[in-house]
Student: 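Got a structure for you, written out below as structure tokens; questions coming shortly.
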Number of protein chains: 2
Amino acid sequence: METTPARATHPPGTCKPDPSTHPRPDGEDRYTISEVVAVTGLTAHTLRWYERIGLMSDVSRSHTGQRCYTNRDLDWLALVAKLRLTGMPVADMVRYAELVRLGEETFDERRQLLESTRRDVLNRMAELQDTLAVLDYKIDIYAGVRTAQERA
Amino acid sequence: METTPARATHPPGTCKPDPSTHPRPDGEDRYTISEVVAVTGLTAHTLRWYERIGLMSDVSRSHTGQRCYTNRDLDWLALVAKLRLTGMPVADMVRYAELVRLGEETFDERRQLLESTRRDVLNRMAELQDTLAVLDYKIDIYAGVRTAQERA
DNA sequence: CGCTTGCTTGGAGTGCACTCAAGGGTTCTA
DNA sequence: TAGAACCCTTGAGTGCACTCCAAGCAAGCG
């Protein structure tokens, strides 16, 4: 299986010269796709797909054509993961990635995008708070029924 | 369009004898599908689909075969809406609906299901809180850049 | 040398949650 | 009596976010 979070072996010269112990030892380190899988929990399929759709730009390659992810890439993936769980559509994240590629000109648009996402997050949290109240109400009812049954 | 939240006219004898002003006037009231659309924001398609997959059970019909939703149905749909925004899969909600149909025997299982959902909600809220921190961090950076530009 | 492991590609397939189309029925209004 | 406004059904289609497949290359090992 490709999704196995394996300890990848590192043939010298392919991608990673330093077989470090922890993810992200820092410096100018490079990761194979399987290491990124292990760190992020994404599948290799998904990582390649992210690249194809423009959500990961410019992943560098080893001399044999294999992907070499950097710490910057991992940072980006971490941000993407956060944005994902706000429910932001992938297309919007691609747009954001595009803005990043376009450079400083787009700082304002990026900030607006993040602020709108921030509002979404707050809304969603409020909705969840509401839902929590409903759940607690229902759970209380069921718990009450059970204790009533136990008393009987 | 079918999704229009229209003031439906009520042919006498079809479904609803009392053309009330507000949604859910209470009592033993009956709603046409288009009224339920107006109240819930779901489409008629979705309502029929919910029924087909077993998420809405036993929606009664008028003598012409048209669906008559009751206040109980609206309550159920409100709960479903809440559960939906916890991210609970439809299949799980169908399971819950099934448990409700099975009667009192299933109180315990229902409570467990709701408690597990409650845990999911708390997790999700924590994740969102995390994400909010990241967003604020990034927004601050962009805001900082802008004010720096303004000073220049 | 052949085998295994891990990586590459483009394109096709999957699962979920709807969403719509086609064809038809009933009832009210003009 | 015609048309509008509703409603019904089955079955197919859509969009999103992956997910997988088949074929093939490169490196290391016995």
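Convention: sequence-line order gives letters A, B, ...; per-chain numbering from 1.
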Student: Please tell me which of the listed nucleotides, D:dA17, C:dC18, D:dC7, lies nearest to the side chain of B:Q66?
Tutor: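 My answer, after comparing the listed nucleotides, is D:dC7.
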
Student: Between B:R61 and B:E51, is the closest basic N to carboxylate O distance under 4.0 Å?
Tutor: yes

Student: Given C:dC7, is OP1 or OP2 found less than 4.0 Å from the side-chain N or O atoms of A:T32?
Tutor: yes

Student: Using a strict 4.0 Å threshold on nitrogen-to-oxygen distance, state whether A:E127 and B:K82 make a salt bridge.
Tutor: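 No.
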
Student: Let me know the distance between CD of B:E35 and C1' of D:dA5, rounded to the nearest Å.
Tutor: 14 Å

Student: Does D:dT9 have OP1 or OP2 sitting under 4.0 Å from an N or O in the side chain of B:R48?
Tutor: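 No, outside the criterion.
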
Student: Please report, rounded to the nearest Å, how far the C1' atom of C:dG11 is from the CD atom of A:E51.
Tutor: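 Distance, rounded to whole Å: 17 Å.
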
Student: Does B:S34 have a side-chain nitrogen or oxygen under 4.0 Å from the phosphate oxygens OP1 or OP2 of D:dC7?
Tutor: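 Yes, because at least one side-chain N or O of B:S34 sits under 4.0 Å from OP1 or OP2 of D:dC7.
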
Student: Do any side-chain nitrogens or oxygens of A:T64 fall under 4.0 Å of OP1 or OP2 in D:dC25?
Tutor: no

Student: Classify the angle between the aromatic ring planes of A:Y142 and B:F107 as parallel (below 30°), tilted (30 to 60°) or perpendicular (above 60°).
Tutor: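 Rings of A:Y142 and B:F107: tilted, 30 to 60°.
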
Student: OP1, OP2 of C:dT8 versus side-chain N and O of A:R67: anything below 4.0 Å?
Tutor: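 Affirmative; the distance criterion is met.
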
Student: How close or far is atom P of C:dC7 from atom NE2 of A:H63, stated in whole angstroms?
Tutor: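 Rounded to the whole Å, the gap is 14 Å.
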
Student: Starting at atom CH2 of A:W49, determine the distance to atom C1' of C:dG10, rounded to an integer number of angstrom.
Tutor: 16 Å

Student: Out of D:dG11, C:dA17, C:dT8, which nucleotide sits closest to the side chain of B:R52?
Tutor: D:dG11

Student: In whole Å, I'd like the distance from the CG atom of A:L55 to the P atom of D:dC16.
Tutor: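 Computing the A:L55:CG to D:dC16:P distance gives 15 Å.
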
Student: Is the shortest side-chain N to carboxylate O distance from A:E115 to A:R119 below 4.0 Å?
Tutor: no

Student: Using OP1 and OP2 only, check whether a side-chain N or O of A:R61 sits under 4.0 Å from C:dT9.
Tutor: yes

Student: Quick check for you: among D:dT19, C:dA17, C:dT8, whose closest atom lies nearest to any side-chain atom of A:H45?
Tutor: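 When the side chain of A:H45 is considered, D:dT19 is the closest of D:dT19, C:dA17, C:dT8.
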
Student: Please report the distance, rounded to the nearest Å, between CG in A:L83 and P in D:dC16.
Tutor: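 Value for this atom pair: 18 Å.
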
Student: Looking only at heavy atoms, what is the nearest atom pair of A:L102 and A:E105, with distance?
Tutor: O-CG, 4.1 Å

Student: So B:R84, base contact, sugar-phosphate only, or nothing? Heavy-atom distance under 4.0 Å.
Tutor: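 The answer is sugar-phosphate, as B:R84 gets under 4.0 Å only of primed atoms, P, OP1 or OP2.
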
Student: Could you work out which one of D:dC18, C:dC18, C:dT8 sits closest to the side chain of A:I33?
Tutor: C:dT8

Student: Quick one: A:M88 CE to D:dA17 P, roughly how many Å, whole number?
Tutor: 12 Å

Student: With a 4.0 Å limit, can you tell me whether A:Y50 has a side-chain N or O closer than that to the phosphate oxygens OP1/OP2 of D:dC18?
Tutor: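 It does, given that an N or O in the side chain of A:Y50 lies less than 4.0 Å from OP1 or OP2 of D:dC18.
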
Student: Could you give the CG-to-C1' distance, from A:D92 to D:dG15, as a whole number of Å?
Tutor: 14 Å

